[in-house]
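Quick one: structure below, then a few questions.
Heavy atoms only: backbone and side chains are in, while hydrogens, waters and symmetry mates are out. Here is the naming used below: chain letters follow the sequence lines, and residue numbers restart at 1 for every chain.
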Amino acid sequence: MTTIRLTNSLTRRKEVFVPLDPANVRMYVCGPTVYDRAHLGNARPVVVFDTLFRLLRHVHGADHVTYVRNITDVDDKINARAAETGRPIRAITDETIRWFHEDTAALGALPPTHEPRATDHIPGMIDLIAALLARGHAYEAAGHVLFRVRSFGEYGALSGRSPDDMIAGARVEVAPWKEDPLDFVLWKPSDPSLPGWDSPWGRGRPGWHIECSAMARALLGESFDIHGGGLDLLFPHHENEIAQSRCAHPEGRFARVWLHNEMLLVEGRKMSKSLGNFVTVRDLLDRGVPGEVVRLVLLGTHYRSPTDWTDRKRAEAETTLRRWRAAASGLAPGAPDPAVVAALADDLNTPAAIAALHALHGAGNGPALLASAALLGLLTPELGGWEEAAPADSTLLATLRERLIAARQDARRTRDFAEVDRLKAALLAAGVEVRMGRDDVELRPGPALDEDALRRIAPGRRPEHAP
RNA sequence: GGCGGGUUGGCGGAGAGGUUACGCAGCGGAUUGCAAAUCCGUGUAGACCGGUUCGAUUCCGGUACCCGCCUCCA
C-alpha cells in the first residue's frame with residue numbers, strides 16, 4: 001500500500017500517516033461562514049483538501065474515508081448582514097450555501113461525506129459546554145460562559161506559544177468579567193433581536209470555536225485522523241478547539257494530524273476590497289475562466305507555501321489544460337501513474353504531481369494522463385467542455401468564418417493575401433483565435449473576446465495599392 | 001513585543017549533499033501563403049557573509065529583505 005506522509009502542524013514534521021482505523025479514515029476541515037460569496041482564498045483549502053480526500057480514497061478505498069466540512073451558519077457577521085439588508089438570516093444562509101455548492105462544484109471538488117450546519121448541532125455544543133463547566137474548565141460570568149485557558153496545561157502546543165508569551169504585546173479582548181484576558185467565549189447571551197437558543201445559561205448563542213468541537217465529535221468521534229484548514233485558523237481557532245475538546249473529553253485525542261494551507265495573494269497583494277483586487281470564484285467563472293483552470297493554478301503551488309493568483313498563471317494553466325485535453329480526447333482512463341501517486345503521497349506535493357502529468361503527456365500516454373489527473377480532480381468529464389471549439393450559435397463568428405474562407409480561396413487563386421491578412425488581424429485584435437487548416441478555418445473566441453470589435457470588422461473592400 | 005514561514009534561472013515552481021526537475025516565455029528547426037496549433041532541439045539559477053565537508057543551491061550559524069499570525073478572516 002502507498003505510504004502517505006503529511007506535515008503535521010502539531011509536531012512541525014513530516015510524518016508517516018497511519019490512520020486510527022484504516023477502514024474509516026476520518027478528516028475534518030473548517031468550512032465557510034455563510035454570509036457572502038466564496039473568494040479565491042476560500043477556494044484554496046477547498047481544492048487542497050479535496051485533493052487529499054481523493055488521495056485518501058485512492059489509497060484506502062472510496063468507502064473507507066469520511067470527510068466532514070462544516071457550514072457555519074450562526075455567526076455575528078451573518079447577524080450583521082441580516083441587520084444591514086433586512087433579510088431573514090435563513091434566507092441569507094440558504095442562498096450563500098447554494099452559491100458555495102455551485103462554486104465548489106465548478107472547481108471540481110467532490111461533496112464531502114457530511115456537511116453539518118452549526119445550527120443543527122446546538123445541543124451537542126451545549127453538552128460540551130456543560131461538560132467543561134462540570135470539570136472546572138469553564139465558568140459563568142455576566143451571562144456568558146468562558147473557557148478557563150489556564151486550566152489546560154497544553155494550551156499553546158499547536159501554535160507554539162505559551163500563555164505567558166501571549167499576554168505581552170497581545171491585543172486580547174479585555175472584558176471585565178473575564179478571570180484571565182486569554183479566556184474565550186463558549187456561550188454568549190442573545191438579546192431578542194438576535195438568534196438564540198435556550199440553554200442552562202439562558203437564551204443565547206455559541207461562541208466561535210465550540211461548533212467545530214461539537215460537530216467533529218458528533219460525526220467523527222473523540223479521536224480522529226486529520227483536521228485541516230487555512231493557516232490563519234491555527235491560532236486561536238484550532239488552539240481553542242483542541243483545548244475545548246480535550247478538556248471536555250480527556251479520554252479522546254481529538255485530531256492527531258493538523259494540516260494548514262498557506263495563504264493566497266492576488267497579483268502580489270493581499271486580497272482586499274479596498275485594493276480592488278477582491279476576487280470571488282463567481283467573478284472568475286463569470287469572466288469565462290473555467291473552474292478547472294482555477295483548480296490547476298491553485299494546485300500549481302504546494303499547499304504549505306503562499307501562492308499568488310495572477311492572470312499570467314491563469315493563461316498558462318489554460319494552455320496546459322487545452323493541450324492535455326486535446327491529447328486525451330476520446331480516450332478512456334487507464335491506470336494512475338505511480339509517479340503521480342507517489343508525489344501526492346509525499347505531503348500532497350501537487351507541483352511534483354503536475355510535473356509527472358507533463359511527463360505522461362510528453363510520452364503520449366493519454367490513458368494514464370487521464371487517470372492520474374483525476375487524482376488531482378483534473379481532466380474529469382464534469383470539468384470539461386470549455387475547451388471545445390466556438391459555440392455553433394455564434395452567427396457573427398460563423399459569418400466571419402465564411403468570409404475568411406472565401407477570401408482565402410480568392411487569395412489562393414490571385415496570390416494576393418492582403419484581404420485575408422486584414423480579416424485575420426482584425427479577428428485577432430477582437431480576441432478571436434484563428435486557426436487555418438489546409439481547407440478549413442476555425443474561429444474560437446478567446447477569453448478576452450471583444451464583441452463590439454467583432455461587429456466593427458467592416459465588409460471587405462479592395463485594398464488600396466500604392467502606385 | 002511574541003510566534004512562524006520565505007528568499008531558486010526572464011516568469012512560475014519542485015526535489016535532492018555530488019548526476020536533466022518540470023512548465024511558460026525566449027531562441028533554432030520541421031510544418032504553414034504568413035501565422036496559429038503541433039512536433040524536435042536548446043541557453044539561463046538558488047539573497048548576502050561565514051562554518052561543516054573531498055564536495056552545499058541543498059546541513060549549521062549570522063546578516064539583509066519579504067510575508068503571515070497574535071483582532072473577524074481560508
Query raised in the report: With sugar-phosphate meaning primed atoms plus P, OP1 and OP2, does A/R44 contact a base, only sugar-phosphate, or nothing at under 4.0 Å between heavy atoms?
Result: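 Result for A/R44 = nothing.
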Report task. Kindly express the pairing pattern of RNA chain B in dot-bracket notation, using | wherever a base pairs with another strand and counting only Watson-Crick or G-U pairs under 3.5 Å. Result -> (((((((..(((.....[...))).(((((.......)))))....(((((..]....))))))))))))....
**Report entry** Gap between atoms CG and C1', on A/L231 and B/rC70 respectively (whole Å)
**Finding:**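 For the pair A/L231 CG and B/rC70 C1', the rounded distance is 12 Å.
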Query - Quiz item: A/K270 side-chain donor-acceptor pair to B/rC67 base, under 3.5 Å - result: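 No.
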Query raised in the report: What is the distance from CZ of A/F278 to C1' of B/rA74, rounded to the nearest Å?
Result: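 Roughly 11 Å, once rounded to whole Å.
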Report task. Answer with base, sugar-phosphate or nothing: what part of the nucleic acid does A/H237 contact at a heavy-atom distance below 4.0 Å? Result ->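 Counting heavy atoms under 4.0 Å across all strands, no contact is made by A/H237.
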**Report entry** Touch class at under 4.0 angstrom, heavy-atom based, for A/V46 against every strand present
**Finding:**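 Touches nothing.
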Report task. Take atom CZ of A/R325 and atom P of B/rU38, then tell me their distance rounded to the nearest Å. Result ->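 From A/R325 CZ to B/rU38 P: 16 Å.
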Report task. Describe the nucleic acid contact of A/G41 in one word from base, sugar-phosphate, nothing, applying a heavy-atom distance below 4.0 Å. Result ->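 Answer is base: heavy atoms of A/G41 come under 4.0 Å of a base.
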**Report entry** A/D103 with A/R282: basic N within carboxylate O range, under 4.0 Å
**Finding:**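 A salt bridge links A/D103 with A/R282.
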Query - For atom CE of A/M263 and atom C1' of B/rC66, their distance in whole Å - result: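 These atoms are roughly 17 Å apart.
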Query raised in the report: Quick one: the side chain of A/D421 and the base of B/rG33, do they pair up donor-acceptor inside 3.5 Å?
Result: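 Result: at least one qualifying N/O pair found.
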Requested in this report: Can you tell me the distance, in whole Å, between the CG atom of A/D346 and the P atom of B/rA14?
Outcome: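 Nearest whole value for this atom pair: 12 Å.
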Query raised in the report: Which part of the nucleic acid, if any, lies within reach of A/L264 when heavy atoms closer than 4.0 Å are counted: base, sugar-phosphate only, or nothing?
Result: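 It contacts base atoms.
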Report task. Would you please say whether a donor-acceptor pair under 3.5 Å links the side chains of A/H302 and A/E262? Result ->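 No, A/E262 and A/H302 have no side-chain donor paired with an acceptor closer than 3.5 Å.
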Requested in this report: Mind calculating the distance between CG (A/L404) and P (B/rC34) to the nearest angstrom?
Outcome: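 Result: 16 Å.
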Query raised in the report: How does protein contact run along nucleotides 17-24 of chain B, one letter per nucleotide 5' to 3', with B for base contact, S for sugar-phosphate only, - for none, heavy atoms under 4.0 Å?
Result: ----BSBS
